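Scroll down for the structure; my scribbles are underneath it.
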Amino acid sequence: MNIYVKPHNDFAKYLIEIARKWQEKWIKDKIFEADAKPGKPKFFLTAAFPYPNGPSHMGHARTYTVTDVYARFKRMQGYNVLFPMGFHYTGTPVLAMAEAVAAKDEKLLNLFRKVYGIPDDIIPKLSDPLTMARYFHAISKISLIETGYSIDWRREFTTIDPEFKAFIRWQFEKLRQKGYLVKGTHPVGWCPKHNMPVGMHDTKDDVEPEIGEWTLIFFEDEDGIIYPAATLRPETVLGVTNIWVNPSADYVKVKVDDMEWIISDRAAYKLRFQRKRIEVIEKFKGEKLLGKRVRNPVTGERVVILPASFVDPDTGTGIVMSVPAHAPYDYAAIIDLDREVLSKYGVSLDELKPRPLIRVKGYGELPAVEVVERMKIKSQNEREKLEEATKEVYGAEYKYGVMREDVVKYVAQDLPDNVRRYLVGVVKAWIAGKPVSEARDNIARWLKESRYADVMYEIMNKPVYCRCGTEIVVKILEDQWFIDYGNPEWKEIVRKALSKIRIVPPEYREDFKYTIEWVQRRACARTRGLGTELPWAPGWIIESLSDSTIYMAYYTISHKIKEYKLRAEQLTYEFWDYVMLGKGDVKEVSKSTGIPVKVLEELRKEFDYWYPLDSRHSAKDLIPNHLTFFIYNHTAIFPEEKWPRQIAVNGWLLIRGHKMSKSLGNVIPLRIMNHLYGPDTVRATVILSSEVGQDADFTDELVESVLDKLKKFRDTIMELHKMYSKVKELNGTELTDIDKWILSRMQKHIKNITNAMENLRFREAANIAFYIIDKDVKRYLERVYDEINSSKRKKTIAWVLSYIVDVWIRLVAPIIPHLAEELWSSIGKQGYVSLAKWPEVKEEYISVDVEVKEEYVDRVINDMKEIIKVTKTKPSRIILYVASKDSYEILRDAIRTVLNGKPLKEFMRQALSKVKDRKAFARIAKKYYDLASEIPPHLKDYLLENTLDEYQVLSNAKEYIARTIGAKEVIVYLSDDPSAPDIGGKKKMAIAFKPAIYIE
RNA sequence: GCGGGGGUGCCCGAGCCUGGUCAAAGGGGUCGGGCUGAGGACCCGAUGGCGUAGGCCUGCGUGGGUUCAAAUCCCACCCCCCGCACCA
């Protein structure tokens, strides 16, 4: 893959250079190679491994960056962290891509050339699936290394490694033993030419073949020949007036099992893929069937076969039951019948009268008739209108329709009493009075069980063509193996497992619950693609969502398998039983496999140390499949203590507001981004763009602004370092309020960032680290502006700055590890910041007191700004009057009133009894009450217990206030000091925590 | 249809669980100022309306309700996005 991009600017170039430097050091010193260290707490996390059918792109970067930031955070917290990676060669993704290359798909070749930058001489070679996988595997691996992920590469594997296949065979043997694997039939999209199942990847224009189910209701003629009417609405069988066939279409009489059917020629062709034997006995035109009478299996009536041109021999069986009351096509076709035809077959119009079956809100007795008339449909040839009418009627009836009670009267009219009684009973119990959706399922099930009906599958969005041009049909696969995720006992265990797994973010838990309830048996093997063969069913390859459910366990020992050069044939069921489950006698296993006891024990220890998995990471699209199967299979194979502990789900990564897709050509390879902006920029952008669970929008402006932010961060750190490195001895003994303030704020930030990281709210963590700390540091510098060069303060400030720098770099290290390493070494620290200790909260640095003081100053400044804004004056002198300490009692009363949920008048009543000057108080009582309800909870708490020395605080901040406001002078008076002048009559306006302000 | 997630200021996007700190974080854009030969970058300020004193009014999809107090809680409705299987 050619990297044809140049760094965005000099700083990006710098980031790329230092990244390479530190990556080489990390690899050289093997700092991310994690070995089992019994006694040391471990943290094992994995991200979903990629299909190597393209280079790693920004979507992968999202998941892996989240995983890596978490890994690095945990590592700094002192955990023995394992983050491994592998590659998923299994299944159709790789295969389909290779086939598209072989077919010289222009769009794809363009993507390969233009976006991926693959050289022309390589591309043809990628038509071989394995070559393609190896190629993209190599590129992806480089991409991941270049992004600085702290992966232990010794454990890397692919899903077609013989050793891994041995593991998968063991897993499936376990599933089979537990009865979780079942054999059955299964309908799939099928190319008759290739004789192969086809999915979306194999079709022209990537259309997903949708498989639907027709109910075939058996109408029978007097010779016992069956006319299977294909319908999507079996509940309307009670209202059938006649049967339609297309007189000019080809029909055949076929032998199906032990029955004889009459169906369209085309239907017979399609049914060949769904029945064991279909034998054509006779061919003829539909015309030949007209006028015949066939018996409705439910009503017993003998209805006539009539001609209708709308009947499509390629849909269903070409035999259509006519329900004019509820199907617009049928009613329209009846309108089209001329008297000649009717008299020819001896049919009276009365016989074809629509028969109401369903009551629907908003419609009369005969919805189809109503709609046809309303839309002025004159004949069955008005296809477009009829489609619309059908959609409307079907939709309304399905949604709101209820079967009429009186449908019972149609049942078994012409049948013997005993049969009638039985049928009437069935219809009364399951059909009449039921909602349409329910009645439909009931009647279909009952008819099938009673052999009055059958099913036929069909591609509902037909025609869908295979890439070879052949139209796809539905084939019923015999001997298909399923994993039975519908097994009720298994489901129950999985529910329990889920309840103990931490889902991040928690909103996604409902999706898991829903999936568990809904998931049924799943076909787990296919007839082609790379992967592992089912041990007992040669030719069946375990498909990719089924061979990737417990592979995380394989990481724990994959490096040892390589180290000891264990061969696949040594990795027997007994081997895995011992290593993964601790079952069996190690000596016997050793004897049967030829693996030394010591090695077996070592592998067992590795597995036992690392497992269970502490955190599993993937994007949200894997919830309804992979992640749920992941839980299922763990519960099936492993004991409870080895079940996964946490699943972290991230949203999509959108590119400029659009979902990434190969057809849009907006798949951005990770390598390109790394080489354009530098890996730390890519990482920080991904983290800053949104919280883990949400979709993130990746835009050029955002990356560029992050790049810029990183530059500023670097500059700030180096600036601070310059300021304190000039001072030889650092000494923090003489801390002033503002020093204490920044130290206290840093503790709060450490606490909040740590908490955010623990909960994988990395965006919040990054936000605090990059923006809020920055703001506080700037404020601190502003506040110590005049002191910085004083000999008295120099050392203390230097000490504070060195503390900030040290903590700050460590806080950002998980997100931007390369720049953090670079800065860490620039300020003279030893060792890797990647391995440094995560900053701890120093309780002794926390000072609510100084924080409140600083907040108070802020509030006063805000008030001043407000006044200046309103009066549009240019301030020169600012006079402040602070309230007496006694007034805090009044404020406390007000706060208590608010906390108790009492209104203003309640406060007035209480406070009035305590004050001397009632009139004066009445004027400012509302101010107290408003202030008390407006201030944040921490201030309420603080002020209930403490009295602020406002005079002192403001006096200390005079210079700062003057500088901030742009005033020449700030004067502070006590409002109860009789000697202070009452400028502007403001003295009496001072209340606790809110001084009176006069601006000149 | 079933299930899940949403609708916030010019735009993106926090807040909602645990009501008062919310005219509502942060970013972008825009406007004004500083800096500059000019531009860019950078720094400061403004960015719902009104207001000559720290205030008032309107406001977080729509309509109701609970409460001294609602973007936040409850009810109804409208709209948008995602998943629904053998396809990874």
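A note on names: the letters A, B, ... follow the listed sequences, proteins ahead of strands, and every chain is numbered from 1. Worth saying up front: this structure is predicted, and the values here are computed from it rather than measured.
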Round to a whole Å and report the spacing from [atom1] of [X] to [atom2] of [N].
X	N	atom1	atom2	result
A:Ile211	B:C87	CD1	P	7 Å
A:Glu543	B:C86	CD	P	11 Å
A:Ile868	B:C44	CD1	P	18 Å
A:Asp700	B:G29	CG	P	14 Å
A:Asn53	B:C87	CG	P	16 Å
A:Tyr928	B:G55	OH	P	15 Å
A:Tyr514	B:G83	OH	C1'	9 Å
A:Glu510	B:G4	CD	P	6 Å

Looking at the side chain of [X], which of [options] is the nearest nucleotide?
X	options	answer
A:Trp518	B:G83, B:G51, B:C84	B:C84
A:Lys994	B:A53, B:A14, B:G54	B:G54
A:Arg522	B:A53, B:A14, B:A85	B:A85
A:Gln520	B:C87, B:A85, B:C68	B:A85
A:Pro936	B:G54, B:G5, B:U21	B:U21
A:Lys986	B:G54, B:G5, B:G20	B:G54
A:Lys775	B:G54, B:G83, B:G26	B:G26
A:Asp708	B:C84, B:G54, B:C42	B:C42
A:Asn767	B:G26, B:G3, B:G54	B:G26
A:Asp863	B:G4, B:U21, B:G54	B:G54

Below 4.0 angstrom from OP1 or OP2 of B:C87, is there any side-chain N or O of A:Arg526?
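True: A:Arg526 side-chain N/O within range (under 4.0 Å) of B:C87 OP1/OP2.
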A:Asp774 and its side chain to side chain contact (heavy atoms under 4.5 Å, CB included) partner, picked from A:Arg779, A:Lys709, A:Lys712
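The side chain to side chain contact (heavy atoms under 4.5 Å, CB included) with A:Asp774 is passed solely by A:Lys709 among A:Arg779, A:Lys709, A:Lys712.
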For a quick check of understanding: with a heavy-atom distance under 4.0 Å over all strands, which category does [X] fall into, base, sugar-phosphate or nothing?
X	answer
A:His626	nothing
A:Tyr998	base
A:Pro187	nothing
A:Lys712	sugar-phosphate
A:Phe512	nothing
A:Gln480	nothing
A:Val188	nothing
A:Ile999	base
A:Lys778	nothing

Please report the distance separating the [atom1] of [N] from the corresponding atom of [M], rounded so that it comes out in whole Å.
N	M	atom1	value
B:A76	B:C82	C1'	25 Å
B:C10	B:U21	C1'	27 Å
B:C44	B:C35	C1'	11 Å
B:U47	B:G64	P	31 Å
B:G1	B:C17	C1'	30 Å
B:A24	B:G48	C1'	12 Å
B:G20	B:A25	P	15 Å
B:G59	B:C22	C1'	11 Å

A:Asp893-A:Tyr929 side chain donor-acceptor pair, cut-off 3.5 Å
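No.
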Any side-chain donor-acceptor pair under 3.5 Å between A:Tyr457 and A:Gln274?
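No, no side-chain donor-acceptor contact under 3.5 Å.
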side-chain contact (heavy atoms from CB on, under 4.5 Å) partners of A:Asp484, counting only residues at least two apart
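Here the qualifying residues are A:Val182, A:Asn487, A:Arg521.
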How do A:Ile772 and A:Val860 order along RNA chain B: which one's closest nucleotide is nearer the 5' end?
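Closer to the 5' end of RNA chain B: A:Ile772.
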Given RNA chain B, 5'-ward residue of the pair A:Lys865 and A:Glu507, judged by closest heavy atom
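Counting from the 5' end, the first nearest nucleotide belongs to A:Glu507.
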Intra- and inter-strand pairs of RNA chain B in dot-bracket (Watson-Crick or G-U wobble, both distances under 3.5 Å; | for another strand):
((((((((.[[[..)....(.....]]]((((((.......))))))(((....)))...[[[[[..)....]]]]])))))))....
Side-chain heavy atoms of [X] within contact of [Y], under 4.5 Å:
X	Y	answer
A:Cys524	A:Phe172	yes
A:Glu235	A:Lys434	no
A:Tyr998	A:Ile867	no

Could you check A:Thr159, A:Thr158, A:Thr532 and say which one makes a side chain to side chain donor-acceptor pair (under 3.5 Å) with A:Thr90?
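Among the candidates, only A:Thr159 passes.
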To the nearest 0.5 Å, what is the distance between CZ (A:Phe482) and NZ (A:Lys183)?
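Taking CZ in A:Phe482 and NZ in A:Lys183, the distance rounds to 11.5 Å.
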By side chain to side chain donor-acceptor pair (under 3.5 Å) - contacts of A:Asp479 (at least two apart):
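Partners of A:Asp479 by the side chain to side chain donor-acceptor pair (under 3.5 Å) criterion come out as none, since no residue qualifies.
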Sole candidate of A:Glu866, A:Glu854, A:Glu934 that passes salt bridge (charged side-chain N to carboxylate O under 4.0 Å, His left out) when paired with A:Arg859
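Output: one option passes, namely A:Glu934.
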